[in-house]
Amino acid sequence: MINNLVIVESPAKARTIEKFLGKDFRVTSSMGHIRDLSKKDFGIDLKNNYTPEYIVPNDKKKIVNELKKLVKEANTVWLASDEDREGEAIAWHLFEVLKLDPVKTRRIVFGEITRNAILESIKNYRAIDKNLVNAQQARRVLDRLVGFELSPVLWKKVKPALSAGRVQSVAVRLIVEREREIINFKPVSTFRTTGIFNTKNSDGKNFQIKSELDQRFRDKSTAFEFLGKCRGAEFRISDIIKKPARKSPSPPFTTSTLQQEASRKLGFSVSQTMSVAQRLYESGFITYMRTDSVNLSQLALNVARKTITEEFGDKYVNIHQYKTKTKGAQEAHEAIRPTYIENSSVAGTNAEKRLYDLIWKRTLASQMSDAQLEKTIAEIAISTSSEKFVAQGEVILFDGFLKLYIESSDEENIEDSKGLLPPLRKDQSLENLEIVVAQRFTNPPARYTEASLVKKLEELGIGRPSTYAPTISTIQNRGYVIKEDREGKEREYISMKLRNGFIEETMEKENYGRERAKLFPDNIGMIVNDFLIEYFKEIMDFNFTASVEKEFDDIAEGNLLWTKMIDDFYKPFHKRVEETIENSDYSKGERKIGDDPETGRPVIARMGRYGPIVQIGDQETEEKPRYASLLKGQHLETITLEEALDLFKLPRTIGQYKGKEMVVGIGRFGPYVRHDSKFYSLKKGIDDPYKITSERAIELILEKMETDKNRIIKTFEDEPDLQILNGRWGPYIAYKKKNFKIPKNSDPSKLNKEECLKIINNPSSKKKKNNS
DNA sequence: CAGTGAGCGAGCTTCCGCTTGACTT
């Protein structure tokens, strides 16, 4: 017999709570939701006022059976799922599925896992809030209707197996629109002037002051004119302004801010952060990692005060609670913090240690004093011109939280690093060492990283802490978006330098636009996005979630019937779906990019059955169109007429060798020469498929034949499937289309058949699958 | 390493939020 059975959502939470409650209580977990809508016929009875049809999914049957057994033995059942919409629904589903007795069932909630909070909640039990449950049902049903009606439209009109949804489609939209801003961005250049001046430090040593002119020049000639005026001019300090400044620490981590900082500081992907955090949580090292709250328990604040005082002293303590500014935050948990704040490190893998360190520092820093700074701005006047040079210095008077933690930012290349300035006085004259004018270009908006996309979604109130990582995976798995690196491009800029009375002008080179692990929309992502925006503007609106959330709140307050809310949404939405299926054309992202100069026929870029293509001529004309696939790295959105026409130049015949034709083309594995139905790769960075000569092609063919000759080290007469070969990474064993590594200590040419088979059957030498 | 929504068509794909393992390598 169990006197009290407490059901929470997570097993790790159950373990902790059991310790607080003592022998009279048995604590177990439901592992999240135990029921969901059936996938058959939407799981919603559309003819019967949207009655949901709930089923227990297969992977939840075991846990439900165990719960049923426990419930039978229990006197009182305490439903302790989270204090939010989803948590309330979990409690209700448990109540229904486990057929609980209302008299013996109590609903309790607590916003933090501390002994006090839990004992307090036991005193304040209540009944299940059916209004809140209905708000969740509305949320669930709406998402199902949107997802399961829109996705099939895409299967019919764009491509099978695609998907659309309230959250993912808006996430893709953000990325597509950002990409288009970047594509359409026209950089503007201005001329930035920096001056270096010499003065003496307090100990009499030379000190160079770096400064920037208070304005930028629009064009080269005015910049040049300015430099001319500076020749022989006098420079003196016209003003010194000192002003105090403060820096405050950031609040403790939520899921979203943890993902952002782990991405910037540790280079973790969003899903990597979550799985490392999950392990820390399961080990009892940190509090729950899926949260939108910046709240810390009183207990945590007390320990933080003690730890900061001991480590840094009283002056560094500033205990306070932060308020969340996040739209739609439900705050069912604490912020992410170390369970035991006094522990500055934990045992675990390298990644676990680093993430813990980040969480520990951020938590403590959030309870530390502001940093106090003094900013100094020195203006340097020019005797011959009205512009002024400005030198900035920053001194930390009191470091406060900066002693422990500095938050990083998404902004890159901050040009002026402020440092110390030497003692300066007004009217002091300065010796000018050099003045440099450099042409600077404006930058397009930054592409999203996984983490900055999460930040944006959170700002829009779209998605929840538990879905950020899965959403980012989904939009990549569907092929809408790819995370990749891009090489930067080189450009020239004008630089003018005044030194020793001479002005020297040079052209300098700089790299720009290099990207690392950024999110790029792929062709299909853009096509789906444009299609959805054309026909389903409401769903794609950035405020759609916010406006339905408002209605969910009304339902939760008991002021709106959930089925009415759904009906008001669904009727016009469904009509729109039917109209779209009826009236819209198959969407292939077609774009005319120009006319073929030879024939005058239109050149069109679009999506074909097997990927993006360009074609010359359209279907309506009598002459059949010519087709060519886009190369890797080319996109429907950006391909130019010139690039498209190049694609039709291949494959081309460049001559004959031994009576057989040599044909150059670009295939799946890059540029090639085909001869006698064999393929020879062109050398990357050396050979150009549009220009390669027959002499060079023959060279490549002979070279390949030579390496092929050396390829075979050994064959076996009685086992034709078995060969020892020389490959790119040295000798290996090939057997029935599979390759096996040869152990370092053996001589490949001396291996016999038995030894080879032994290597093949050794499980450790099996070919590894690539993790993508 | 070609083909490129016209050609007959079974049955499948899909949402968002709550949670962990169960599988591989």
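All chains are named by letter (A, B, ...) in the order of the sequence lines, taking the proteins before the strands, and each is independently numbered beginning at 1. Worth knowing before you read on, the calculation uses all heavy atoms, side chains too, and leaves out hydrogens, waters and symmetry mates. Model, not experiment: these values are computed from the prediction.
Atom CD1 in A:I475 sits about 11 Å away from atom P in B:dC16, given to the nearest Å. One can place CG of A:L37 at 14 Å from P of B:dC15, the figure rounded to the nearest angstrom. A:F679 places its CZ atom 7 Å from the P atom of B:dC1, with the value rounded to the nearest Å. With rounding to whole Å, A:N477 atom CG is found 13 Å from B:dC16 atom P. Atom CZ of A:F648 is separated from atom C1' of B:dG3 by 14 Å (rounded to the nearest Å). Remark: C1' of B:dT4 and CG of A:L647 are 14 Å apart, rounded to the nearest angstrom. Nucleotide B:dT14 holds its P atom 18 Å from the CG atom of A:D41, rounded to whole Å. A straight line from CZ of A:R279 to C1' of B:dT19 spans 17 Å, rounded to a whole angstrom.
For the pair A:K327/A:E459, no side-chain contact is recorded, criterion being any heavy-atom separation below 4.5 Å from C-beta on. At least one side-chain heavy atom of A:H333 sits under 4.5 Å from a side-chain heavy atom of A:K13. Annotation: side chain of A:Q272 is not in contact with side chain of A:E450 (no heavy-atom distance under 4.5 Å).
Contact between the side-chain N/O atoms of A:R674 and the OP1/OP2 oxygens of B:dA2 is found at a separation under 4.0 Å. Contact annotation: A:Y672 side-chain N/O to B:dA2 OP1/OP2 distance is under 4.0 Å. The phosphate of B:dT19 (OP1 or OP2) has no side-chain N or O of A:S10 nearer than 4.0 angstrom. An OP1 or OP2 oxygen of B:dC18 is reached within less than 4.0 angstrom by a side-chain nitrogen or oxygen of A:R464. OP1 or OP2 of B:dT19 lies within a sub-4.0 Å distance of a side-chain N or O belonging to A:R290. For B:dG17, the OP1/OP2 oxygens have no side-chain nitrogen or oxygen of A:Q136 closer than 4.0 Å. Between A:Q278 and B:dT20 there is a side-chain N or O to OP1 or OP2 distance below 4.0 Å.
A:R166 comes within 4.0 angstrom of the backbone, heavy atoms only, and of no base. Using a 4.0 Å heavy-atom distance criterion, A:S629 is classed as a base contact. Within 4.0 Å (heavy atoms only), A:F42 reaches no atom of the nucleic acid at all. Residue A:Y288 is classed as a sugar-phosphate contact, given heavy-atom separations below 4.0 Å to backbone atoms only. When heavy atoms are screened at a 4.0 angstrom cut-off, A:V158 is found touching base atoms of the nucleic acid. Using a 4.0 Å heavy-atom cutoff across all strands shown, A:E149 reaches no nucleic acid atom at all. Residue A:V167 is classed as a sugar-phosphate contact, given heavy-atom separations below 4.0 Å to backbone atoms only.
Ring geometry for A:W92 versus A:Y54: interplanar angle over 60°, hence perpendicular rather than tilted (30 to 60°).
Nucleotides B:dT20 and B:dT24, compared at atom P, are 23 Å apart to the nearest Å. Across the P atoms, B:dG17 and B:dG21 are found 23 Å apart, a figure rounded to whole Å. Atom P of B:dC8 sits at a distance of 22 Å from the matching atom of B:dC12, rounded to the whole Å.
Position along DNA chain B of the nearest nucleotide to A:G463 versus A:K156 favours A:K156 as the more 5'-ward residue. Mapping A:S163 and A:G32 onto DNA chain B via the closest heavy atom, the residue that lands nearer the 5' end is A:S163.
Judged by ring centres under 5.5 Å apart and planes tilted less than 30 degrees, A:Y610 stacks against the six-membered base ring of B:dG3.
In this structure, A:R144 satisfies the cation-pi test against A:F148, with its NZ or CZ atom closer than 6.0 Å to the six-membered ring centre and inside 45 degrees of the ring normal.
Between A:E88 and A:R107 there is a salt bridge, since at least one side-chain N of the basic residue sits less than 4.0 Å from a carboxylate O of the acidic one. Ionic pairing of A:D82 and A:R290 is not present here: no N-O contact between side-chain nitrogen and carboxylate oxygen is shorter than 4.0 angstrom. Taking a cutoff of 4.0 Å between a charged side-chain nitrogen and a carboxylate oxygen, A:R601 and A:D596 do not qualify as a salt bridge. Using a 4.0 Å cut-off between charged side-chain N and carboxylate O, A:D553 and A:K550 make no salt bridge.
Within residues 525-542 of chain A, no residue has any heavy atom closer than 4.0 Å to DNA chain B. Residues from residues 78-94 of chain A that place a heavy atom under 4.0 Å from any atom of DNA chain B, listed by number: A:D82, A:E86.
Atoms CH2 and CG, on A:W562 and A:D567 in that order, are 10.5 Å from each other to the nearest 0.5 Å. To the nearest 0.5 Å, atoms NZ (A:K159) and CZ (A:R478) are separated by 11.0 Å. A distance of 10.5 Å separates CE of A:M526 from CD1 of A:I175, quoted to the nearest 0.5 Å. Note: A:N523 CG to A:R606 CZ = 13.0 Å, rounded to the nearest 0.5 Å.
Judged by atom type and distance alone, A:R139 reaches the base of B:dC16 through a side-chain donor-acceptor pair under 3.5 Å.
Checking side-chain atoms of A:S293 against main-chain N and O of A:E331 turns up no donor-acceptor pair under 3.5 Å.
Stem regions for DNA chain B, meaning three or more consecutive Watson-Crick or G-U pairs with both distances under 3.5 Å, do not exist: the list is none.
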Under-3.5 Å N/O pairs linking protein and nucleotides 8-13 of chain B:
from: B:dT13; atom 1: O2; to: A:A161; atom 2: N; distance (Å): 2.5

Between the protein and nucleotides 21-24 of chain B, which nitrogen or oxygen pairs come in under 3.5 angstrom?
none

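The only option from A:R464, A:R85, A:R166 that meets the salt bridge (charged side-chain N to carboxylate O under 4.0 Å, His left out) definition with A:E549 turns out to be A:R85.
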Stepwise salt bridge (charged side-chain N to carboxylate O under 4.0 Å, His left out) test for A:D143 and A:R139: CA-CA 6 Å; A:D143 282 335; A:R139 199 280 304 156; 2.8 Å; yes
Check step by step if side-chain hydrogen bond (donor to acceptor under 3.5 Å, both in side chains) holds for A:E149 and A:Y570. CA-CA 10 Å; A:E149 292 235 349; A:Y570 184 67; 2.5 Å; yes
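Annotation: side-chain contact (heavy atoms from CB on, under 4.5 Å) contacts of A:T563 (sequence neighbours excluded): A:N49, A:L561.
In the model, A:S256 has a side-chain atom that pairs as donor or acceptor with a side-chain atom of A:E458 under 3.5 Å.
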